[in-house]
Amino acid sequence: MRSTGSYAHQRCVACAQNISNQKLVQGILDSIPSPEAACLSAEDISPSSNGPRDDDPDDLFAEATEEVSLDSPERQPILSDGPSPAITPVTPVMISPRVDVFDRSPDQDEDEEENRDTFDIQISVSDPEKVGDGMNAYMVYKVTTKTSLSIFSRDEVCVKRRFSDFLGLYSKLASKYMHMGYIVPPAPEKSIVGMTKVKVGKEDLSSVEFVEKRRSALERYLLRTVKHPALLKDPDVLQFLESSELPRAVSTQALSGAGILRMVNKAADAVNKMTIKMNESDAWFEEKQQQFENLDVQLRKLHASVESLVCHRKELSVNTASFAKSAAMLGNSEDHTALSRALSQLAEVEEKIDQLHQDQSYADFYLISELLGDYVRLITAVKGVFDQRMKAWAKWQDAQVMLQRKREAEAKLQYANKPDKLQQATDEIREWEGKVQQGERDFEQISKNIRREVGRFEKDRVKDFRVVIIKYLESLVHTQQQLIKYWEAFLPEAKAIA
Amino acid sequence: MLLCNVAADHFNNCFLILMLGAVNVDLQTDATLQVDISDALSERDKVKFTVHTKSTLPNFKQNEFSVVRQHEEFIWLHDSFVENEEYAGYIIPPAPPKPDFDASREKLQKLGEGEGSMTKEEFTKMKQELEAEYLAIFKKTVAMHEVFLCRVAAHPVLRKDLNFHVFLEYNQDLSVRGKNKKEKLEDFFKNVVKSADGVLVAGVKDVDDFFEHEKTFLLEYHNRVKDSSAKSDRMIRSHKSAADDINRIASTLYTLGTQDSTDLCKFFLKVSELFEKTRKIEARVAADEDLKLADLLKYYLRESQAAKDLLYRRGRALVDYENANKALDKARAKNKDVLQAETTQQVCCQKFEKISESAKQELIDFKTRRVAAFRKNLVELAELELKHAKGNLQLLQSCLGVLKGDT
């Protein structure tokens, strides 16, 4: 357990900049007048979250760089990556993640809808602080939850979390819910390069931007997680949001036993995927899988184009600024007074425009690019859930095969007339009959869950994209309006050249 | 080549007049001599310009005639002006830059090679854009050549030049081959000598305040224009890249729109359509900036160099004059070859005074032209930027209206 007093509260200069950077981004996003009522639902703050690709092999080494600390006391590898041990529940209501609880009827789906409309929870991730020095340093973020929901013990809670805590949360949720077909939002990706710069103490613009990007991503991750009705009530989520102390998520370390086990499982999964040939009886699943496949391809393509646009707009901003300076110099050396003045004015206009381009590129990035990145990762999670269904089917089929074998064995024994072994065989047959029934039930349950999850996911997707794209277009409108203002001011100056 | 037909067919004279007006504002349309490039053809490695003349001057056999000229012949004409001692006191209109389609041609070739890897729509779209780019470069080079001719035709002295008349009228090939290696090397050395000389000459302090001021001014101005020209080019290139990205985004959104099974499909299609239109506007913004700003700066880079050359020639004449004075004094002191020294001194004096007189007027005209050209272009730039921004705004707002109404 981490001792409270060990946080070296080292407020680095960058933090102040971080806040202002965050405010800058928020300011840009906020300054875009939005006609929608300022209702304090999670959607309006930041509609998207993102997450890593859980099956990203690079993760292993990234984890090693970030988490390994020679004097960290809890290096005991946790060998099981399964459901977390019972953690002191802070909340009064505890819902254990058993399948039948989530066995909803169509009526309950409607209730879920209603509940979502009165969904009232705000989460913000803020105030990144650097703790520690050198390669052992890490960033700590403040997580503030404001809510009126009864499952929370207080209206407003503030806790401090580090990046690995978020990863740990995701890891637990994934292991609990994914095999049931729930789409668990992935946590943000690790980044060796970005983190190293921050650790080393480089307080330049890129590391400030990195921390801001990560803060924003963590916020979206949490919002997306609590939007999921089942996850919101999960004790691990509640503990994460409310508990002032959190056991260090060591199992996210690569070189721990858990990490190695994860690696082995990933490999096994990959092999299984290739060898399982499922007889799809349900056209809905086949169709959906194909749709998500196509969506994946297009979103990645779009993401790449938007990233290119962000880059070029930044470049445009830089080049415009450079031209503005040059035009000012030209104006200085021009010996015709009126023309000289006009050229200086041109320089000023271009300077303002360069700032405009920079702001626009921030909007490009934080609105569109990050949303697309989030969805690329989410769709990987969706595909993962379909794979889980395949695994469930395979398990069911294997059970059937086993049952068949046991029946054959029993038949042989009957023929050979060995009464004591016969009893055992009959018992085994009963056991496997049970397993077959369970397998079929599990398969049907996961199929049902997936249908519901996909429906919810698609609804959210439509909403997210709509909101973000409209906001983005509004930012473009704002840019054009400013441009008109600037050029309208310049025109009389140009005409005044005599 | 397919494209040359495109260029010839879609040739737009209006564009030329715009470009012409952009850099030479006060060229009166003089009935006595009007020159323009009425047509142009782009072939594999050269461009053929049709130079069309209308004149009431008695020098010419007809009142209206046309000849075909290539870039080298323009250069020949320009160089003949530069080498003519009589014109030492004038700002020689800068030579038009060589037509350069290499970059554009390369891009087209790459596109052809990559045809298999993209969809039919993408390929057609990119091909159209590259063709438009090629056409724009083509139009620009034609305009630059025309501006040169018009400047000559407008100049009270240069328009009477015999070489110019031959250039305009002689309907055979002028057999002006490009410089061969030996001549290019000679040119190179000449330039080295000239710049060394130029430094020496520039060091000579001028008695005349006007010229002293002009010298300092032109030197600084020329450098700053060079810098601005380069930076404006870079800015415009970034702008074009951004417009290209928006193009790709529009295409992908379109595909998403066609594939999506939710309500988003209409949404994506609408936004894709919007971006297609705004992208076109953005590309036009970049093109207009190129025309009104970058080209203006480039032209005045060349003109300010021509003005500097004039000052150099005058400085050279001044040095010669002063040397002749010294030689005369020496001769008088020694009482040897005095008459010869006197005549030399007279010649140098006349030359210097002639250059000084015309140079002063030329430099004043240069300033007037420059101010007028900048004014016109800056006004037009601002007007175009406004027009495009308003167009963009209208598209964005109407699309937003539709999208919000759908929810």
Side-chain angles (χ1 to χ4, degrees), chain A residues 35 287 291 294-295 298-299 301-302 304-306 308-309 311-313 315-320 322-327 329-330 332-336 338-339 342-343 346 349-350 357 458-459 461-462 465-466 469-470 473-474 476-477 480-481 483-484 486-488 490-491 493-495 497-498, chain B residues 213 217 220-221 223-225 227-232 234-239 241-242 244-246 248-249 251-253 255-256 259-264 267-268 271 274 278 297 367 370-372 374-375 377-379 381-383 385-386 388-390 392-393 396-397 399-400 403-404 406-407:
Chain A
E287 196 185 308
Q291 276 174 6
N294 293 342
L295 190 59
Q298 293 306 321
L299 284 183
K301 207 162 149 196
L302 191 60
S305 297
V306 173
S308 174
L309 178 63
C311 180
H312 284 136
R313 249 208 250 274
E315 207 180 271
L316 177 59
S317 163
V318 165
N319 287 341
T320 306
S322 150
F323 172 72
K325 284 201 193 85
S326 182
M329 299 269 284
L330 186 64
N332 279 345
S333 66
E334 172 59 64
D335 64 351
H336 185 274
L339 178 55
L343 284 170
L346 179 68
V349 167
E350 293 290 351
H357 285 311
E458 290 287 72
K459 248 197 213 116
R461 181 167 75 90
V462 170
F465 272 84
R466 238 196 205 127
I469 289 182
I470 286 184
L473 291 183
E474 282 169 350
L476 290 177
V477 164
Q480 294 302 318
Q481 284 170 331
L483 272 177
I484 290 176
Y486 297 150
W487 286 110
E488 269 177 353
F490 174 72
L491 191 55
E493 290 289 343
K495 287 191 171 154
I497 304 171
Chain B
H213 164 81
F217 162 72
E220 194 187 51
Y221 187 79
N223 288 337
R224 301 243 170 118
V225 165
D227 186 56
S228 293
S229 174
K231 301 246 163 80
S232 77
R234 265 210 289 273
M235 178 175 79
I236 290 165
R237 257 204 303 276
S238 300
H239 216 138
S241 304
D244 284 341
D245 286 327
I246 299 179
R248 271 192 287 274
I249 290 173
S251 296
T252 317
L253 279 174
T255 317
L256 271 171
Q259 281 180 355
D260 205 291
S261 55
T262 65
D263 285 340
L264 279 180
F267 207 80
F268 282 145
V271 177
L274 169 71
T278 59
L297 292 169
K367 180 165 171 172
R370 184 175 79 242
V371 170
F374 268 80
R375 182 188 190 281
N377 274 349
L378 288 178
V379 167
L381 175 71
E383 285 172 347
E385 293 268 5
L386 270 172
H388 293 315
K390 285 184 178 152
N392 251 342
L393 183 65
L396 285 166
Q397 280 174 329
C399 182
L400 261 176
L403 292 179
K404 283 187 185 167
D406 263 354
T407 27

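Chain naming here is simple, since letters A, B, ... match the order of the sequence lines and numbering starts at 1 in each. Predicted model, so just to flag it, every value in this text is computed and none were measured.
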Between A/N332, A/L476, A/V349, A/L483, the one whose heavy-atom pairs under 4.5 Å with chain B are most numerous: A/L476

A/S308 versus B/D245, closest heavy-atom pair with distance: OG-OD1, 2.8 Å

Residue among A/C311, A/S317, A/S322, A/A304 with most heavy-atom pairs under 4.5 Å to chain B: A/S322

B/R224 (side chain) donor-acceptor with A/M329 (main chain) under 3.5 angstrom: yes

B/E383 to A/L491 - nearest heavy-atom pair and separation: CG-CD1, 3.8 Å

Structural part of A/F490 lying under 4.5 Å from a heavy atom of chain B: side chain

Structural part of A/Q291 lying under 4.5 Å from a heavy atom of chain B: side chain

Between B/L378, B/D227, B/L264, B/L274, the one whose heavy-atom pairs under 4.5 Å with chain A are most numerous: B/L264

Top of A/A342, A/S333, A/A324 for chain B proximity - count of heavy-atom pairs under 4.5 angstrom: A/S333

Residue, of A/D335, A/L316, A/I469, that accumulates the most heavy atom pairs under 4.5 Å with chain B: A/D335

Engaged part of A/I484 at the chain B interface, taking heavy atoms whose separation is under 4.5 Å: both

Closest non-hydrogen atom pair between A/A494 and B/R375, with its separation: O-CG, 3.6 Å

Heavy-atom pair with the smallest gap, counting every atom of A/E350 and B/M235: OE1-SD, 3.9 Å

Non-hydrogen atoms of B/F267 and A/F465 that approach each other most closely: CE2-O, 4.2 Å

